[in-house]
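Have a look at the structure below, then the notes.
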2 protein chains.
Amino acid sequence: MGSGKTAGATAGRPRLSGSVGGAPRQEIIREATALFIAKGYAETTMSEIAHAAGLRQSSVYYWFARKEHILQALLEENRGSLQMARALEPAPEPAAARLYAVLHADAAQLCASPLDFYEFERVARSQPQNFGAFFEDYSELHRRAASIIRQGVDSGELRAVDPEAAATAALGLNEGLQRHYRQPLPGLHTYTADDVSTLSVDTTLASLLRNHDALPGVRTQAAGLMTANSPAES
Amino acid sequence: MGSGKTAGATAGRPRLSGSVGGAPRQEIIREATALFIAKGYAETTMSEIAHAAGLRQSSVYYWFARKEHILQALLEENRGSLQMARALEPAPEPAAARLYAVLHADAAQLCASPLDFYEFERVARSQPQNFGAFFEDYSELHRRAASIIRQGVDSGELRAVDPEAAATAALGLNEGLQRHYRQPLPGLHTYTADDVSTLSVDTTLASLLRNHDALPGVRTQAAGLMTANSPAES
DNA sequence: GAGACTTTCTATAGCTTATCGAAATATCGG
DNA sequence: CCGATATTTCGATAAGCTATAGAAAGTCTC
């Protein structure tokens, strides 16, 4: 198996294409990602990935025994959605602003991800043993979002809703709208990633806030939290 | 082509299986629907459909030249989501109640449909020439929902939102939550079809209503509209 | 009963994912 | 420097999928 070495420079049989990229595993992931973005996971074939990486179809299987393993590797590189939720769930700021920041980060990441959330979920469900991390991450995000909502309900910032259900609705709206961003339906207005993220989170908070007029203030507070807790300052 | 006759009783070469169901086209749709519900569209093969209907794999192609045509026929049988929107968009009742009724009917139909909305959309997008009706229906529903929202904004029932964006969010939430009903994520609470429909529509209206306290009254009004305009009394 | 029409069959092409063993190179011990 | 071993790629191919082509087996019409 090639899973051990990742940077083998010049061993093994040479490629027919002549290319000698340093890290085949990373090269395959890179090319596959570009193809997934352009055509989607299901519509991208191993032959196309192989050709883009300068290999024959069957050679890709030396690095990834199954097509889903490429997706899995891609997922593990794109972690970090939870950082905001982990940082903000126990923070002292108002719950509404923390919820806004967490949901906005989630929505933005769904839009920025190379793969449609539902295509991801589809593959994850067909290979649960390999995608346990996907479900664990989702479950943790849901739990932390519900916890923040509960804090907001207790503090009186938010209406007296069921936190679990409200979290499900908030994440479901993020997911439903990332789809509209990614695959605009013909005839409908198209949105930017930030448009749909803001639309999604504004809608959720408008439904939860006890007082609608607080929304602009919440947005401002959240903007501060988001820059302070963004993963960019690692 | 077999598209002309639909009830051919006893012509043609007899089946090896011996079965002699009266209307092969309907029989194929029925069996395919059951398989789509159980396994999803992509995971159901033409061999399985054929076997369930008492035919060989290639014989199904006499009735449906492509696998997507079965889905298309299935879609045409499950129309009627728009009836509520068509009836209520110009109705004199308060806009909030009409919006509630329309969105609840849409959410309920998404849950009751034999196929996941996104799987439908996926196939429709790959065969746009055959699924024009799907996109037209969606576009019309969106337009009518936006129109009702605009009426509500003008009358002061609803907050001063952008009707187009609000309609996109409302339908997107319905779609995102039907997914949670249909494919519960491991570890999360599971909901009934009515649970998710109510959660979705309550969330949308809570975000749009100028006054949250009006929600229970809107629900009651909407219940009246829904029974009065339900397609069951055709 | 001959010919046309309808429906199903068998066979197969072409595409996909995935496996297997051989081939071609680098590396290491002597 | 040379043979054994490890690494990487290749070609061939199996098995499953959608879809097509043409033969086969009935009914129907006159």
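In what follows, every chain begins at residue 1, and chains take the letters A, B, ... in the order their sequences are listed.
- Closest to the side chain of A:Trp63, out of D:dT9, C:dT8, C:dA11, is D:dT9.
- Nearest heavy-atom pair, B:Val201 versus B:Leu103, reported as atom, atom and distance to 0.1 Å: CG2-C, 3.8 Å.
- Separating the CD atom of B:Glu27 from the P atom of C:dT7 is a distance of 15 Å, rounded to the nearest angstrom.
- C:dT16 atom P lies 14 Å from atom NE2 of A:His51, rounded to whole Å.
- A cation-pi arrangement is present between B:Lys67 and B:Tyr41, with the terminal nitrogen or guanidinium carbon under 6.0 Å from the aromatic centre and inside a 45° cone about the axis.
- Between the NZ atom of A:Lys39 and the C1' atom of C:dT16 there is a distance of 12 Å, given to the nearest Å.
- Looking at the side chain of A:Leu16, the nearest of the listed nucleotides D:dC10, C:dT10, D:dT18 is D:dC10.
- When each of B:Leu205, B:Ile148, B:Thr204 is paired with B:Tyr100, the side chain to side chain contact (heavy atoms under 4.5 Å, CB included) condition holds for B:Leu205 and for no other.
- Residues B:Arg122 and B:Glu119 are not paired through a salt bridge, judged by the lack of any N-O separation under 4.0 Å between the basic side chain and the carboxylate.
- Of the candidate nucleotides C:dT8, D:dA19, D:dT9, D:dA19 has the atom nearest to the side chain of B:Arg66.
- If you check every strand for non-hydrogen atoms under 4.0 Å, A:Thr45 touches sugar and phosphate atoms only.
- Under the 30°/60° scheme for interplanar angles, the aromatic rings of B:Phe131 and B:Phe120 are found to stand perpendicular.
- Within the 4.5 Å cutoff, no side-chain heavy atoms of A:Gln178 are placed close to those of A:Gln109.
- In the model, B:His142 has a side-chain atom that pairs as donor or acceptor with a side-chain atom of B:Thr168 under 3.5 Å.
- When each of C:dT8, D:dA21, C:dA18 is scored by its nearest atom to the side-chain atoms of B:Ser58, the top-ranked nucleotide is D:dA21.
- Look at OH on B:Tyr61: it is 13 Å from C1' on C:dA13, rounded to the nearest Å.
- The side chain of B:Tyr62 places no N or O atom within less than 4.0 Å of a non-bridging phosphate oxygen (OP1 or OP2) of C:dT8.
- A:Ile28 has its CD1 atom 11 Å from the C1' atom of D:dT9, to the nearest Å.
- Among the heavy atoms of the strands lying under 4.0 Å from A:Thr44 are primed sugar atoms or P, OP1, OP2 only; no base atom is included.
- For the pair A:Arg56 and D:dG11, the criterion of a side-chain N or O lying under 4.0 Å from OP1 or OP2 is met.
- A:Arg15 places its CZ atom 14 Å from the P atom of D:dG11, with the value rounded to the nearest Å.
- At whole-Å resolution of the value, CE in B:Met46 and C1' in D:dT20 are 12 Å apart.
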Distances for protein N/O vs nucleotides 22-27 of chain C N/O pairs under 3.5 angstrom?
from   : atom 1 : to      : atom 2 : distance (Å)
C:dA24 : N3     : A:Arg13 : N      : 3.3
C:dT25 : O2     : A:Gly12 : N      : 3.4

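- What separates CZ of A:Phe64 from P of D:dT8 is a distance of 13 Å, to the nearest Å.
- Summary of the strand contacts: A:Gln57 and B:Ser59 both lie near DNA chain C, and taking for each the nucleotide with the nearest heavy atom, the more 5' one is attributed to B:Ser59.
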